[in-house]
Amino acid sequence: MPRLLLAPMEGLADDVLREVLTRVDGYDHAVTEFVRVSGTLLPVRSFTRISPELRAGSATSSGTPVRVQLLGSDPVCMADNAAQLAQLNPAGIDLNFGCPAPTVNRHRGGAALLDEPELLFAIACAVRQAVPAHIPFTAKMRLGVTDTARALDCARALADGGVVGLVVHARTKTDGYRPPAHWEWVGRIADVVNVPVVANGEVWNEEDWRRCRSVSGAADVMLGRGAVSDPFLARRIRAGAEAPPDREAEWAELQPLIAEFWLRVLAKVEARHAPGRLKQWLKLLARNFVQAERLYADARIQRDVATVSHVLGTHGIPVLKAAA
């Protein structure tokens, strides 16, 4: 069966959402948001803060392995931190050359490095030497900064530097998250490297998944915002579902997961930030669930925890008293 991976999504898919999404069967592994590496050797808590799963065998409670992603531009410092992380026995170590965020790119991180394949090679080589062979070492890249002129060079650099797998988000940094994703470039990259290549970008439903695999030629696909907006997408893909999804049945299954998400958010962040986290997910769920659209409409203007908990209850979300 082709692999399905859960993407790293900065500011969206933290350990709380990873935990809930992986309760629904479907993912071969997930990747964390990035750990920023910038000139110092990070303490262990920097890694466990991003990936609490490291304290539990580097997997979610449902058993989905979680790989930890590093972002930075200094080969020596990246290697030192990778060695530190490796002592925690992560399910894998991934390098981020895909983040398009201006604040990250201004500090020479993420997709901004895709004009410098020589630097990508140096980083990959240094980290490869620091990571024991039994820990999977991979990277994620976009197609370039403003164009695809160096996409093949960057992919070769990472593969030659020692990564054992490559995820390609089929857009440039400048493209951001605007459709379309240029899946044909995934195939072009796969043709010039000797490691498995995973396609990523703009897969929102089963038909997108089929077209992505057909256009890219890639067997394996990483799901991002499509997985957040449709938590059952990976399961339906695995089942080979052809009929339209039963959204009523899926919503009934999703309700206790939303309740768990809310409780976990309340336990993790300050109360004033919790409603925003819930609304962020509900807004994406509203793409596929009319029930989530109604819930989001009622919750959108609410700012305090007690009121949001009450709104959830009125929509059949089984919120425990602890959330009030």
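Model, not experiment: these values are computed from the prediction.
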Any chance you could lay out the salt bridge (charged side-chain N to carboxylate O under 4.0 Å, His left out) test for Glu118 and Arg150, step after step, and finish with the verdict? CA-CA 11 Å; Glu118 301 85 359; Arg150 309 205 75 175; 3.8 Å; yes

Do the side chain of [X] and the main chain of [Y] share a donor and acceptor less than 3.5 angstrom apart?
X	Y	result
Asp298	Val311	no
Asn81	Leu42	yes
Asn288	Ser229	yes
Gln291	Trp251	no
Thr307	Gln302	no
Thr64	Ala59	no
Lys140	Cys99	no
Asn200	Val167	no
Ser58	Pro90	no

Going through the distances and angles, do Arg67 and Thr32 end up as a side chain to side chain contact (heavy atoms under 4.5 Å, CB included)? CA-CA 6 Å; Arg67 300 184 181 183; Thr32 69; over 6 Å; no

With a 4.5 Å heavy-atom cut-off, do [X] and [Y] have their side chains touching?
X	Y	result
Asp94	Val68	no
Pro196	Leu166	no
Glu260	Glu19	yes

Check whether more than 12 heavy atoms from other residues, nucleotides or ligands sit under 6.0 Å from atom [atom1] of [X], and answer yes or no.
X	atom1	answer
Lys279	NZ	yes
Arg211	CZ	yes
His310	NE2	no
Glu248	CD	no

Among Phe261, Tyr296, Phe289, Trp262, which residue meets the ring pair (Phe, Tyr, Trp, His ring centres under 6.0 Å) test with Trp281?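 Among Phe261, Tyr296, Phe289, Trp262, the one that satisfies the ring pair (Phe, Tyr, Trp, His ring centres under 6.0 Å) with Trp281 is Phe261.
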
Hey, mind stepping through Asn105 and Lys173 against side chain to side chain contact (heavy atoms under 4.5 Å, CB included) and telling me if it holds? CA-CA 9 Å; Asn105 298 160; Lys173 178 184 89 69; 2.9 Å; yes

Among Glu10, Arg36, Gln69, Glu33, whose side-chain hydrogen bond (donor to acceptor under 3.5 Å, both in side chains) with Asn96 holds?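 The single option meeting the side-chain hydrogen bond (donor to acceptor under 3.5 Å, both in side chains) with Asn96 is Gln69.
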
Looking only at heavy atoms, which two atoms of Ala79 and Ala126 are closest? And how far apart?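 For Ala79 and Ala126, the tightest heavy-atom pair comes out as CB-O, 3.4 Å.
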
Given the rule in the side chain to side chain donor-acceptor pair (under 3.5 Å) test, do Thr172 and Thr174 qualify, once you have shown the distances and angles that lead to the verdict? CA-CA 5 Å; Thr172 65; Thr174 304; 4.6 Å; no

Applying side chain to side chain donor-acceptor pair (under 3.5 Å) to Glu202 and Trp204, what does each step give before you reach the verdict? CA-CA 6 Å; Glu202 214 60 26; Trp204 295 93; 3.0 Å; yes

Working note: Ser216 + Glu184, criterion side chain to side chain donor-acceptor pair (under 3.5 Å); need CA distance, chi angles, decisive distance, verdict. CA-CA 5 Å; Ser216 69; Glu184 66 277 7; over 6 Å; no

Cationic N near anionic O, under 4.0 Å, Arg238 to Asp28: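 Yes, charged N to carboxylate O under 4.0 Å.
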
As a test of understanding, state which of Arg247, Arg225, Arg235 forms a salt bridge (Lys or Arg N to Asp or Glu O under 4.0 Å) with Asp230.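 It is Arg247, the one option of Arg247, Arg225, Arg235 that forms the salt bridge (Lys or Arg N to Asp or Glu O under 4.0 Å) with Asp230.
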
